[in-house]
Amino acid sequence: MPTLPGVHLKDEIAKITHRLRELGLSRQVDRAVWDKIELARHAERPYTLDYIHHMFPGFIELAGDRCFADDAAIVGGLAAYMGRTIMVIGHQKGRDLAARTRRNFGMPRPEGYRKAQRLMLLANKFGIPVFTMIDTPGAYPGVAAEERGQAGAISATLLCMARLDVPIVAVIIGEGGSGGALALGLADRVLMLENSIYSVISPESCAAILWKDSGEAHLAAQTLKLTSSQVAELEVIDAVLPEPRGGAHRDHAGAAHIVKEALEDNLRQLEALHPQKRKQERFAKFRRMGIWRENGLTLF
Amino acid sequence: MPTLPGVHLKDEIAKITHRLRELGLSRQVDRAVWDKIELARHAERPYTLDYIHHMFPGFIELAGDRCFADDAAIVGGLAAYMGRTIMVIGHQKGRDLAARTRRNFGMPRPEGYRKAQRLMLLANKFGIPVFTMIDTPGAYPGVAAEERGQAGAISATLLCMARLDVPIVAVIIGEGGSGGALALGLADRVLMLENSIYSVISPESCAAILWKDSGEAHLAAQTLKLTSSQVAELEVIDAVLPEPRGGAHRDHAGAAHIVKEALEDNLRQLEALHPQKRKQERFAKFRRMGIWRENGLTLF
Amino acid sequence: MAQRVSVNISRRNGAPGDAESCPGCKQLLSAAELKESLNVCPNCGHHFRLGARERVAMLADSGTWEEIAAHLRSADPLEFFDLRPYSERIEEAEYDTGLGEAMIAGTCRIHKMDTVLVVMDFSFMGGSMGSVVGEKFWRAADTAIEYRFPLVAVCASGGARMQEGILSLLQMAKTTCAVDLMSQAPVPFVSILTHPTTGGVLASFATLADVIISEPGALLSFSGPRVIEQTIKESLPDDFGLAESNLSHGQIDMIVPRNQLKDRLVQVLGMLEGGVACALEPLWEEEAGRPGRGGPLAGALGRIKALANAPWRSLKG
Amino acid sequence: MAQRVSVNISRRNGAPGDAESCPGCKQLLSAAELKESLNVCPNCGHHFRLGARERVAMLADSGTWEEIAAHLRSADPLEFFDLRPYSERIEEAEYDTGLGEAMIAGTCRIHKMDTVLVVMDFSFMGGSMGSVVGEKFWRAADTAIEYRFPLVAVCASGGARMQEGILSLLQMAKTTCAVDLMSQAPVPFVSILTHPTTGGVLASFATLADVIISEPGALLSFSGPRVIEQTIKESLPDDFGLAESNLSHGQIDMIVPRNQLKDRLVQVLGMLEGGVACALEPLWEEEAGRPGRGGPLAGALGRIKALANAPWRSLKG
Ligand SMILES: [Zn+2]
Ligand SMILES: [Zn+2]
C-alpha cells in the first residue's frame, strides 16, 4: 500500500493507542484466533491424501497437465463412492522434509491448476461429481511459475469450475490461503472444517504490509476474520464442520468420517437438482458474495 | 524399419535391378516430381504472412498459448473478410537467416499448436470461420518440445478441429510435412496449391530409412506420391489450385488472388450448410480416408 | 495476494506546472506536457499511470459516457483497522481521486461502437478489488449481456482489498462467473492491462478475456516481485513480469502503445462483433429462432428491456 | 513421422528353448521363462515387447474374444517399391506374425466387463499405421458406441506406414474423428502405451484417451531419438522419451507394470463406467428421454441394433 499524503501523524498515534487498548480487552478472543491458525497449520493435521486414505480405499491417482509437468502439490483422481464414481482433487502438503520439498509445501505451480482443470473436464464428460479439498499457503511465488502463467492458470481453473455441469463440493481442510486456495473453491457447496482458515492473505504478510512489522501477525489475524466461524458470518461458506475433540490432528479417521458424512449429505441434495438449476444456484451464490453500501443500505 | 529375417539377397538384387530399369523409363516424370518439391520449398515462395499481406489488409495478429510461450513458427489472428470476420492460422517460415531462426524454419513446438487451438476455440465461440495455411517441414524434433508434449499437442489440435462448429478451410501452400502439417489440416475443405507437396515423410528421410541412403531422395519422392495431382488422385484433398505462370514465387499477389477466390468459393458453399450437417460431412470425409482390401474388393 | 507489489506512486494531484522526472529516461516532464501526451513520456515512450477518468476521456467518444452503479460504496464489512480505520482510508481515497471506488463502470461509444467500459484506478487504494469492484464488474457484465454490447476492462490493480478480508478474495470467483455469463451470450470481452495489474485481478477476469492487450512496460504478475525475491532469495530478471516478457511467454495477445490503443481496440472489437453477427445470422432455417443482434431495433429492444429490469437490477439478485 | 525410431527387435518366433539376453540386466532368459512372466524379466522387471495375440490372451477373459474386421488387408495403394515391393513386405509380416495387420480389434470381457479392445503389434512392420489400422480403429470405436462398451487401445508403433504415403498420414485425422465420436457418446476410452509408441499413433488416438496408462520403460515420443540427435547435434538424456520422463512431464496418467495391468485397467474402466451410469441416470424429469446404459436389457438391445446394422457397417460409410 502506498503511503498516502495528508496523514497527520499525531492524530494517528492517538487513534492507534485507543484501538490497541480496545484490542487488549479482547486478548482472549485474539488468542483463540491464533490457536486456530496454529491448528490449521499443524504438522499432524490430516492432509488431502489422509482423507483420501480414509474415505476412498479404491482411489486411482491420475497425473499430469498434458502440457508441462505433474505437480505434486495438487493430487487428483477417481474414487468409488456411494456406489458410483467421484473425482477427488486437493492440495497436498508433505509431512517430512523430503515430502515437503516434493510437494513444494502444498504451493501449486500453474501445472497443478492445469491438472485440476483436466480432471474436472474428464469428470464433467462422464457426469462424475467433483470433490475438492483445499489446503495451501497459496500458489507458489516463483519466477518460472509466473512465466508459465500462474495468474492465468488460476483464473482458468475458476472459469472451468463455473462451467461444470456436475455437482461440486469443496472442503477447506486446513489452510485456505488466498487465490491459490480459491482456485479449487468455486463450488456448489463450500464447507470448512472448524479449525481451518480461509484468508485473502496470510496474517504475517498482512502485518508486514499494513503494520510494516510481521511481528504483528496476531493483530492481523484478529482483524482479518479468517476462522471458520468468522468466515461463515460473512456468508462466504455454506457450513462449518465440527472436528473431533481436540482437533482433526488427533483423530484422522474421525475427521475423515465427518467430512464423508458432510460430502454425502451435500451431494445428495445437489444431485436432486437439475444440472441447469444447480448451475443457476451456483452463479446466484457467487453473485451475492460481497458486502457494500448502496442508496444508504448495506447489502450482503 | 527392422531388417526382417528370411530375406534372400540374390532374389532381391534381381528385383531391384528390374525395378530400377522401370524407373529409368519414367525419368522424365521423376524429374517433374523433384521440380515440384523444389518449388514447394523455394525460398521466394509466398509464406503465410505473404498471403495474409495480400488477402487481409486489416489482419490483427494474436499471440500466445496462455501457457508457455508464443511460437513464431505458427502465426494466427483475426481478419476482416467478405464483410465479416475470419480466423487465419498458418505455419510461418522465415526468409532471411534471422527470420528463419526466429520462425524455427517453420517447425512448430507444442506451444504453436496450443496457440492454434486457442485461436480456433475463440473463433468457434463467436461463429468465426477458420482458415489455415499449411507450410512446414514438420513439427520440431527437439528434446524440450518432446517433453512439453509435442505428440499430445498435435493430437489435441486435430481433436479441436474435429469439434469446431464453424467452417474450416485449409490450404497447403508449400511444404505439407507429416504430422506437423496435418495438425492444421483436419478441415471441411483441404485445398492444395499446384506446386505444393503433402507427405507423410520427407523424401530425404524416407530414402535414408528405406534405401539406407538419403541420396536416393529422388527415388523416394517418386514413389511417395506427394505432389498435388498425385495426392488428389488418392482423394486426400478436395481440390488443386493452379498457380500463376512459372509458380507462386513469381507472383505473390497473383497466388494470393487465386487462394482468396478459392477460399470465398468454399466458404460460401460451407456456410450454406447447417453446422450439424457440415460436421457430419467433415466426419464422413475423414472416415473415408484410406484404401484397403475387404472381401476381395479394394475400397476407397 | 499481491498488494505487496512495489510501485512508485506519482502524485497525480500536484499543482499544474509540477515537473516530474521520467523513470525511463530521467528527463523532467511538466504536467502539461504529460497530459498532452496521454501520460506517455514524449522522449522515451515510458507509460505513466493514467487515472480512470482520464482513461475514459481517452477511449470514449466525447459526451457518450454514462456511468453504471456509481453510487456503490464500500461498507467496511470487517470494521477493519490497522494503523488507521479502513473507512478513513476510503474517505481519503475518495477525496484524493474524486472516485467512489477503484473501478468505474459505464456505457459509452468508442469510435461510434457501443461498448460497456470498466476502468480501474491504481490511485484508489492501489486499485485493489473489494466488494464494490466485484459488484460493479458484475453489473457491467450484466449490461453488456442485456444490450449485447462488448465489454472492455482496463485493469490496474495491486490485487485483492485486504481490508475486506475473505470477501475481497471471493470477488475473484464472482467476476469469473460474470465472465462466464458473457461467454454464454456470447458478447466479446477484451481486457487492457496497464501498469501494474497483479494478484487477484490478474488471476480472475483480467486473464479471462477473449483478447488480452497490454500497455508497454506494464508489470503483470500474480505474486509481487518482492514476495518472489524473498521466496527464491535471488534477484529477479530485469524484465520480470513485464508485458514484454508476458508476450514472449504466451500470456497476452499483444502490446499496444497508448496512442494507438483506441484504434486497435475498435479493430479488435469490430472483428469479434463481426464474428458474433455471423454466428447469429439465421443462415439456416433451424436456427432462425436464435436471438439476433445489431441493428437499431435490437438495440432499442435491449434498452427497453434493460430499463424495465432496472429496479430489480439495482438490488442484489 | 517416426519410423526412424531405433528399436531392438527381439525375434518372437524363435524355437522354444531359445535363450535371450535381457537388455535390462543382461541375464539369459529362456523363452519358456519369459512366456510365463508375460515377457517381463523376472530378475530386473524389464518389459519385453508382447505380441498382439499374447496381449489379448493376457487381458481378455478366456474364450470371450471376438475379432472385428479381421478380413481387412492392405491394398498397396501406391504400388510402393523400395528395396522390395510393399506387397511382399506385407506378405512376409503376415507369415511371420500370423496377423493380417499391425492391429487386431475385437470385443471381449475383461474381468467380466464388456470391452472393445484394439491391440497393436510392433512385429508387424514396426506397428506402423496405414489404412487398415485406421479403418480397424474406426470400426472398433463404432462398435464401442453401438454397444456402449468402453474402448481400450494397446499401442505399439513406429508411426505412420510410409509405404502408404499420404494415406497413412491421414489415418491420424481419421482416428481422431473416431475418438471424438466416442467422446460424444460418451464411452470411456483408455489407452495403454507400450514400448515403443511413437510418431503418428502417439500424435493421434494414443494421446487422446480419457486415461493414459503406460508400461514401465516404454519409449513414447513423437520424433525418434535418432532424428532428434541429428537435429540438435547432441546426445540425448538417458531417460529421453521414456514413460517415466513422460509421467513427470505431465503427459501420461500412470505407469503400471504388466502383471498389474489387467486389474488396474478394470478399476479405471469401472470408475469411468460408474460415472457414465450416473450421468445418464434420469435423476431429473427433463432428461429422462436420454438413452440409458448398462443392465442386461440395454446390452441386448445394443447387440440387436448392431447386428441389424452389420451389413451396412462392413462397408465404408
Ligand atoms: Zn522518458
Ligand atoms: Zn532383466
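So that the names make sense, note that chain A is the first sequence line, chain B the second, and so on, each numbered from 1.
- Taking A:Gly58, A:Ala69, A:Gly64 one by one and counting their heavy-atom pairs under 4.5 Å with chain D, the maximum is reached by A:Ala69.
- No more than 12 heavy atoms of other residues, nucleotides or ligands shown are found within 6.0 angstrom of CG on D:Asp238.
- Residues A:Phe126 and D:Asp210 share a closest heavy-atom pair of CZ-OD2, 3.2 Å.
- Contacts between A:Leu78 and chain D at a heavy-atom distance below 4.5 Å involve backbone atoms as well as side-chain atoms.
- Looking at D:Ser183, the atoms closer than 4.5 Å to chain A (heavy atoms on both sides) sit in the backbone and in the side chain alike.
- Rounded to the nearest 0.5 angstrom, A:Asp70 CG and D:Ile252 CD1 are separated by 10.0 Å.
- If you measure heavy-atom distances from A:Arg118 to chain D, the contacts under 4.5 Å come from the side chain alone.
- Residue contact with chain D, scored on non-hydrogen atoms closer than 4.5 Å, involves the backbone of A:Glu61 exclusively.
- Electrostatic pairing of A:Arg66 and D:Asp253 counts as a salt bridge here, judged by a charged N lying under 4.0 Å from a carboxylate O.
- To the nearest 0.5 Å, atoms CE (D:Met271) and CE (A:Met87) are separated by 10.0 Å.
- If you measure heavy-atom distances from D:Ile213 to chain A, you find no contacts under 4.5 Å at all.
- Applying the 6.0 Å contact sphere to CD of D:Gln184 captures more than 12 heavy atoms from other residues, nucleotides or ligands.
- Proximity of D:Arg264 to A:Ile60: side-chain heavy atoms (C-beta onward) are separated by under 4.5 Å at one or more points.
- Heavy-atom minimum distance, A:Ala63 versus D:Leu247: CB-CD1, 3.9 Å.
- In this structure, D:Gln251 CD and A:Cys67 SG are separated by 7.5 Å, a value rounded to the nearest 0.5 Å.
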